[in-house]
Amino acid sequence: MSQPLHDWNLDPKAAIALQRRLASYLELEDRLEPVRHLAGVDIGFEAGGEVTRAAVVVLEWPFLGVVEEVVHREPTRMPYIPGLLSFRELPAALAAFGKLSIRPELVMVDGQGIAHPRRLGVASHLGLWLDLPSIGVAKSRLCGHHGEPGPERGDWVPLLDGRGERQETIGVVLRSRRGVKPIFVSPGHRISLPTALDWVVQCLGRTKLPEPTRLADRLASRRIASHHS
DNA sequence: GCGACAG
DNA sequence: ATCTTGTCGC
């Protein structure tokens, strides 16, 4: 691609046009290297939103032990606008990735992949930018419609968007844990939906979120692991 | 025009 | 996302 991947000072209209163009570069078929390390990415805020804190956690596959963690802080530059989340979070996330010594073969991002109005959620945008396979793992829905997944861990239903003939599957609504609200999984870049779902399920511990995202979430939110006896 | 709306 | 105590449940 010859066009720049981003322009952080875009007005909403230009940002939307950019998303449409970038989405055309997405690869939704599997193109993964053997996975040795996978990363979880999430963003948090401090000082009432003035400071953006990006966290990246790298885990080893298949034991899911943490092998590297990075936290990067910088001034927040954009407000949160539904559909334009990546313009607010990606600068910090990319800076955090730049501090990483290990290059993971797969990335899970807290947010949507292609389950986005223009098929370019933050997970897709990040994957495209880094040219890495990426998966979106969101805690709630941005767009699309779906039924209620079964009650057991691993149960899921498709997340659909559009009507009639032009209806498309943009992700899955997964019951990652019994008795808990389901999570929204969608491919980001260089990965298919079945493979993305498989990776998320394989990374599930006994919590709602898969390990990569869960740990990044904790780091970004300054939460500390609590112990139970 | 009226809702919906990742984090 | 973030501001926040106690409380219900495995």
Side-chain angles (χ1 to χ4, degrees), chain A residues 8 12 15-16 19 22-23 26 40-56 71-94 96 107-129 134-146 151-153 159-163 170-189 193 196 200 205-210 212-224 226-229:
Chain A
W8 309 121
I16 287 173
Q19 290 183 322
L22 292 181
L26 287 179
V41 187
D42 191 28
I43 273 58
F45 297 88
E46 304 174 352
E50 299 287 307
V51 175
T52 298
R53 180 179 49 243
V56 179
V71 172
H72 169 81
R73 292 179 174 70
E74 64 175 47
T76 300
R77 34 184 130 187
M78 306 281 284
Y80 166 67
I81 301 174
L84 300 181
L85 180 66
S86 63
F87 294 93
R88 171 176 166 84
E89 303 192 338
L90 275 197
L94 293 172
V107 183
M108 286 191 194
V109 183
D110 190 318
Q112 313 290 351
I114 62 168
H116 174 281
R118 292 165 294 281
R119 306 293 178 264
L120 195 86
V122 63
S124 294
H125 202 158
L126 180 69
L128 199 54
W129 180 274
S134 63
I135 301 172
V137 180
K139 295 181 289 297
S140 61
R141 183 193 70 91
L142 172 59
C143 68
H145 50 275
H146 62 87
E152 300 304 320
R153 151 194 279 246
L159 176 60
L160 309 169
D161 199 19
R163 293 266 62 178
I170 57 177
V172 302
V173 183
L174 171 70
R175 186 77 66 188
S176 54
R177 188 186 175 182
R178 220 191 158 181
V180 174
K181 280 177 45 178
I183 59 178
F184 297 71
V185 178
S186 58
H189 180 47
L193 178 55
V200 169
R206 44 185 148 170
T207 49
K208 168 178 176 171
L209 297 174
T213 294
R214 197 202 105 218
L215 295 172
D217 215 80
R218 207 182 60 181
L219 237 196
S221 302
R222 294 215 141 185
R223 269 169 271 155
I224 304 172
S226 63
H227 297 290
H228 300 289
S229 56

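Side-chain atoms are counted along with the backbone in the values below, which use heavy atoms only and exclude waters and symmetry mates. Lettering follows sequence order; numbering is per chain, from 1.
One can place NE2 of A/H125 at 18 Å from P of B/dG7, the figure rounded to the nearest angstrom. A/D217 has its CG atom 10 Å from the C1' atom of B/dG7, to the nearest Å. The distance between atom CZ of A/R153 and atom C1' of C/dC10, rounded to the nearest whole Å, is 15 Å. Atom CZ of A/R119 is separated from atom P of B/dA6 by 16 Å (rounded to the nearest Å). Regarding A/L142, its CG atom lies at a distance of 9 Å from the C1' atom of B/dA4, rounded to whole Å. Protein atom CZ of A/F87 is 21 Å distant from nucleotide atom P of B/dC5, rounded to whole Å. Distance CD (A/E50) to C1' (C/dA1): 14 Å, rounded to an integer number of Å. Counting to the nearest Å, the C1' atom of B/dA6 and the CG atom of A/L209 are 13 Å from each other.
In this structure, A/Q112 contributes its side chain and A/S124 its backbone to no donor-acceptor pair below 3.5 Å. Remark: side-chain polar atoms of A/S134 are paired, donor with acceptor, to backbone N or O of A/H189 under 3.5 angstrom.
Proximity of A/K139 to the phosphate of B/dG7: a side-chain N or O atom is located under 4.0 Å from OP1 or OP2. Between A/R88 and B/dG7 there is no side-chain N or O to OP1 or OP2 distance below 4.0 Å. Between A/S140 and B/dC5 there is no side-chain N or O to OP1 or OP2 distance below 4.0 Å.
Among the heavy atoms of the strands lying under 4.0 Å from A/F45 are primed sugar atoms or P, OP1, OP2 only; no base atom is included. Among the atoms of the strands shown, only primed sugar atoms or phosphate atoms (P, OP1, OP2) are found under 4.0 Å from some heavy atom of A/E89. Using a 4.0 Å heavy-atom cutoff across all strands shown, A/G44 reaches sugar-phosphate atoms only and no base atom. As judged by a 4.0 angstrom heavy-atom cut-off over every strand, A/G136 is placed among residues making no nucleic acid contact. As judged by a 4.0 angstrom heavy-atom cut-off over every strand, A/L84 is placed among the base-contacting residues.
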> Does the pair A/L84 and A/R118 meet the rule for a side-chain contact (heavy atoms from CB on, under 4.5 Å), with working shown?
Replying inline: CA-CA 10 Å; A/L84 300 181; A/R118 292 165 294 281; 4.0 Å; yes

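Of the listed residues (A/H146, A/H116, A/H145), just one forms a ring pair (Phe, Tyr, Trp, His ring centres under 6.0 Å) with A/F184, and that residue is A/H146.
The listed nucleotides are C/dT2, B/dG7, B/dC5; the one nearest the side chain of A/P82 is B/dC5.
A salt bridge links A/K139 with A/D110: at least one charged nitrogen is closer than 4.0 Å to a carboxylate oxygen.
In this structure, A/Y80 counts as stacked on the base of B/dG7 under the 5.5 Å centre distance and 30° plane angle limits.
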